[in-house]
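Written below as structure tokens is the structure these notes are about.
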Amino acid sequence: LWFDTGFTSRVCKDHPVVLTTSPHTQQTHWMQTVLEFKEPIAMMHGGESREALEGRGSHPVGARENPTTGISGSVNFQKGPDGRNLDITVEYCATTHDGKKSTPQVVMYTL
């Protein structure tokens, strides 16, 4: 997860600047972070045919025996109660080639 923060002329008249945590720009003292899922989710390999996955539906979606073809979800964030931290909520579920979905998961982080 990375982000840009603009200190525009509205708040920094003498020297407006954008600080970024992007891995594609020059490094700053700002950092990136990794938001992990509760449990690992097995993904279908690019060379694996959908026909090879038939009959695996008895295993949970995203298990090694029933890999997922996609993960969908949302990321929400708001300022923490102390005004300095960021409260992040990630909601996600895995889907199989035939449209079956895993149980939705929610993970909360404070940065």
Side-chain angles (χ1 to χ4, degrees):
L1 176 70
W2 64 82
F3 58 90
D4 297 335
T5 300
F7 295 96
T8 63
S9 58
R10 183 176 64 84
V11 294
C12 190
K13 292 180 181 168
D14 295 336
H15 187 60
V17 66
V18 174
L19 294 179
T20 182
T21 62
S22 171
H24 307 294
T25 61
Q26 184 177 355
Q27 186 174 2
T28 69
H29 66 284
W30 293 54
M31 291 190 262
Q32 302 169 23
T33 190
V34 174
L35 303 176
E36 296 181 351
F37 294 142
K38 286 182 176 181
E39 298 289 331
I41 299 174
M43 298 293 294
M44 186 171 85
H45 297 146
E48 199 167 8
S49 73
R50 292 181 181 200
E51 291 77 27
L53 298 176
E54 294 302 321
R56 295 186 180 185
S58 61
H59 297 280
V61 174
R64 183 176 304 175
E65 300 82 4
N66 190 16
T68 183
T69 55
I71 300 171
S72 61
S74 64
V75 177
N76 298 293
F77 56 91
Q78 65 182 17
K79 214 183 273 190
D82 65 0
R84 281 189 62 80
N85 292 334
L86 188 61
D87 291 338
I88 301 174
T89 303
V90 178
E91 300 178 49
Y92 63 94
C93 75
T95 55
T96 61
H97 67 286
D98 56 0
K100 293 179 182 165
K101 293 185 177 186
S102 67
T103 303
Q105 300 291 315
V106 177
V107 185
M108 295 169 33
Y109 309 88
T110 298
L111 302 179

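Computed over heavy atoms, backbone and side chain alike; hydrogens, waters and symmetry mates excluded. Sequential numbering from 1 along the given sequence is applied to the chain's residues. Since we're looking at a predicted model, the values are computed, not measured.
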side-chain contact (heavy atoms from CB on, under 4.5 Å) filter on T110, not counting sequence neighbours, yields N85, D87
If Ile, Leu, Val, Met, Phe, Trp and Tyr residues are connected whenever their side-chain heavy atoms lie under 4.5 Å apart, and connections chain through other members, are I71 and V90 in the same group? yes
Determine whether a donor-acceptor pair (N or O, by modelled atom type, separation under 3.5 Å) exists between the side chain of T68 and the backbone of M43. no
Which heavy atom in A94 sits nearest to a heavy atom in V61, and how many Å separate them? O-CG1, 3.6 Å
Nearest atoms (heavy-atom pairs only) where P104 meets C93: CA-CB, 4.0 Å
Full working for side-chain contact (heavy atoms from CB on, under 4.5 Å) between E36 and V107: CA-CA 8 Å; E36 296 181 351; V107 185; over 6 Å; no
Taking atom CE of M44 and atom OG1 of T96, what is their separation to the nearest 0.5 Å? 10.0 Å
Same cluster (ILVMFWY, side-chain, under 4.5 Å), I88 and F37: yes
Nearest heavy-atom pair of V106 and E91: which atoms, and what distance? CG2-CG, 3.8 Å
Heavy-atom closest pair (L35 atom, Y109 atom, distance to 0.1 Å) is C-OH, 3.6 Å
